[in-house]
Amino acid sequence: MNWILLVIAGLFEVGFASCLGKAKETTGTTSQLWMGGFFVCLAISMFLLYKATQTLPIGTAYAVWTGVGAVGTVLVGIVVFKEPVDFWRLFFITTLIASIIGLKFVSH
């Protein structure tokens, strides 16, 4: 169950990073709404990370949390923000995903 919480926490990390990107692109009330989304996603992500670390090793949990967030944020950047896609970028995202899976298998 805590692994599921950890992945969800990572997805909320993607949410707060994406909200920052949208807030940067907007002004006024729209920007403030995106910042509100940032703070909500941040709070949820941190709470779920905290809950997951109650039974998972902190080093593993933090690495998985940041990895899920990094992979998700790069993918959102590619799809939503039209960031460039090239072989090396996809290669290293793939190695990051493999590392996250590896941590899951070697953690108790």
Side-chain angles (χ1 to χ4, degrees):
M1 179 63 179
N2 284 318
W3 281 99
I4 294 169
L5 291 178
L6 189 57
V7 170
I8 294 169
L11 295 175
F12 274 100
E13 183 186 3
V14 174
F16 75 70
S18 300
C19 285
L20 280 178
K22 293 301 280 185
K24 183 180 77 168
E25 292 180 348
T26 58
T27 59
T29 303
T30 305
S31 181
Q32 292 173 352
L33 289 172
W34 283 111
M35 285 306 296
F38 163 80
F39 287 115
V40 168
C41 288
L42 177 65
I44 294 169
S45 182
M46 290 296 146
F47 176 74
L48 294 174
L49 177 61
Y50 161 74
K51 293 299 284 181
T53 59
Q54 290 179 332
T55 58
L56 299 174
I58 186 69
T60 300
Y62 185 75
V64 170
W65 177 74
T66 57
V68 169
V71 168
T73 302
V74 168
L75 294 175
V76 168
I78 290 169
V79 173
V80 175
F81 297 106
K82 308 296 184 226
E83 293 177 358
V85 180
D86 60 28
F87 170 79
W88 290 111
R89 194 167 194 190
L90 296 177
F91 172 78
F92 287 116
I93 289 171
T94 303
T95 60
L96 185 54
I97 292 168
S99 297
I100 292 167
I101 293 168
L103 280 172
K104 165 66 172 112
F105 284 121
V106 300
S107 296
H108 299 25

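Rounding to the nearest 0.5 Å gives a distance of 15.0 Å between CZ of Phe16 and CH2 of Trp34. Taking SG of Cys19 as the start and CZ of Phe12 as the end, the distance is 10.5 Å to the nearest 0.5 Å. Ile8 CD1 to Phe47 CZ: the interatomic distance, rounded to the nearest 0.5 Å, is 12.0 Å.
The stretch residues 32-41 participates, sequence neighbours left out, in no salt bridge (charged side-chain N to carboxylate O under 4.0 Å, His left out) pair at all.
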Yes or no on side chain to side chain contact (heavy atoms under 4.5 Å, CB included) for Leu5 and Asn2, after CA distance, side-chain angles and deciding distance? CA-CA 5 Å; Leu5 291 178; Asn2 284 318; 3.5 Å; yes
Apply side chain to side chain contact (heavy atoms under 4.5 Å, CB included) to the pair Phe81 and Glu25, showing each step before the final yes or no. CA-CA 10 Å; Phe81 297 106; Glu25 292 180 348; 3.1 Å; yes
Stepwise, does the side chain to side chain contact (heavy atoms under 4.5 Å, CB included) test hold for Leu49 with Leu6? CA-CA 6 Å; Leu49 177 61; Leu6 189 57; 3.7 Å; yes
Would you please test Thr95 and Phe91 for side chain to side chain contact (heavy atoms under 4.5 Å, CB included) and show each step? CA-CA 6 Å; Thr95 60; Phe91 172 78; 3.9 Å; yes
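Across every non-hydrogen atom of Ala9 and Trp65, the tightest pair is O-NE1, 3.4 Å. Summarising the geometry of Ser31 relative to Thr26, their closest heavy-atom pair is CA-OG1, 3.1 Å, with the distance given to 0.1 Å. Residues Leu96 and Gly67 approach most closely at CD2-O, 4.0 Å, considering heavy atoms. Summarising the geometry of Thr73 relative to Ala17, their closest heavy-atom pair is OG1-CB, 3.7 Å, with the distance given to 0.1 Å. When every heavy atom of Val14 is checked against every heavy atom of Gly72, the shortest pair comes out as CG2-CA, 3.5 Å.
Proximity of Trp3 to Thr55: side-chain heavy atoms (C-beta onward) are nowhere separated by under 4.5 Å. Between Ile78 and Arg89 there is a side-chain heavy-atom pair separated by less than 4.5 Å.
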Donor-acceptor pairs under 3.5 angstrom involving side-chain atoms of residues 35-44: please list them, not counting sequence neighbours.
none

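A continuous path of hydrophobic side-chain contacts links Val68 to Tyr62 [ILVMFWY only; heavy atoms under 4.5 Å]. Criterion: ILVMFWY side-chain heavy atoms under 4.5 Å apart, direct or through other members. Under it, Leu90 and Leu75 are part of a common hydrophobic cluster. Under the 4.5 Å side-chain contact rule for hydrophobic residues, Val74 and Val80 do not share a cluster.
Checked by atom type and distance alone, the side chain of Thr53 pairs as donor or acceptor with a backbone atom of Tyr50 at under 3.5 Å.
Of the candidates Val76, Ile93, Thr94, Ile93 is the only one forming a side chain to side chain contact (heavy atoms under 4.5 Å, CB included) with Val71. Of the residues Val7, Thr66, Val64, the one that meets the side chain to side chain contact (heavy atoms under 4.5 Å, CB included) test with Ile100 is Val64.
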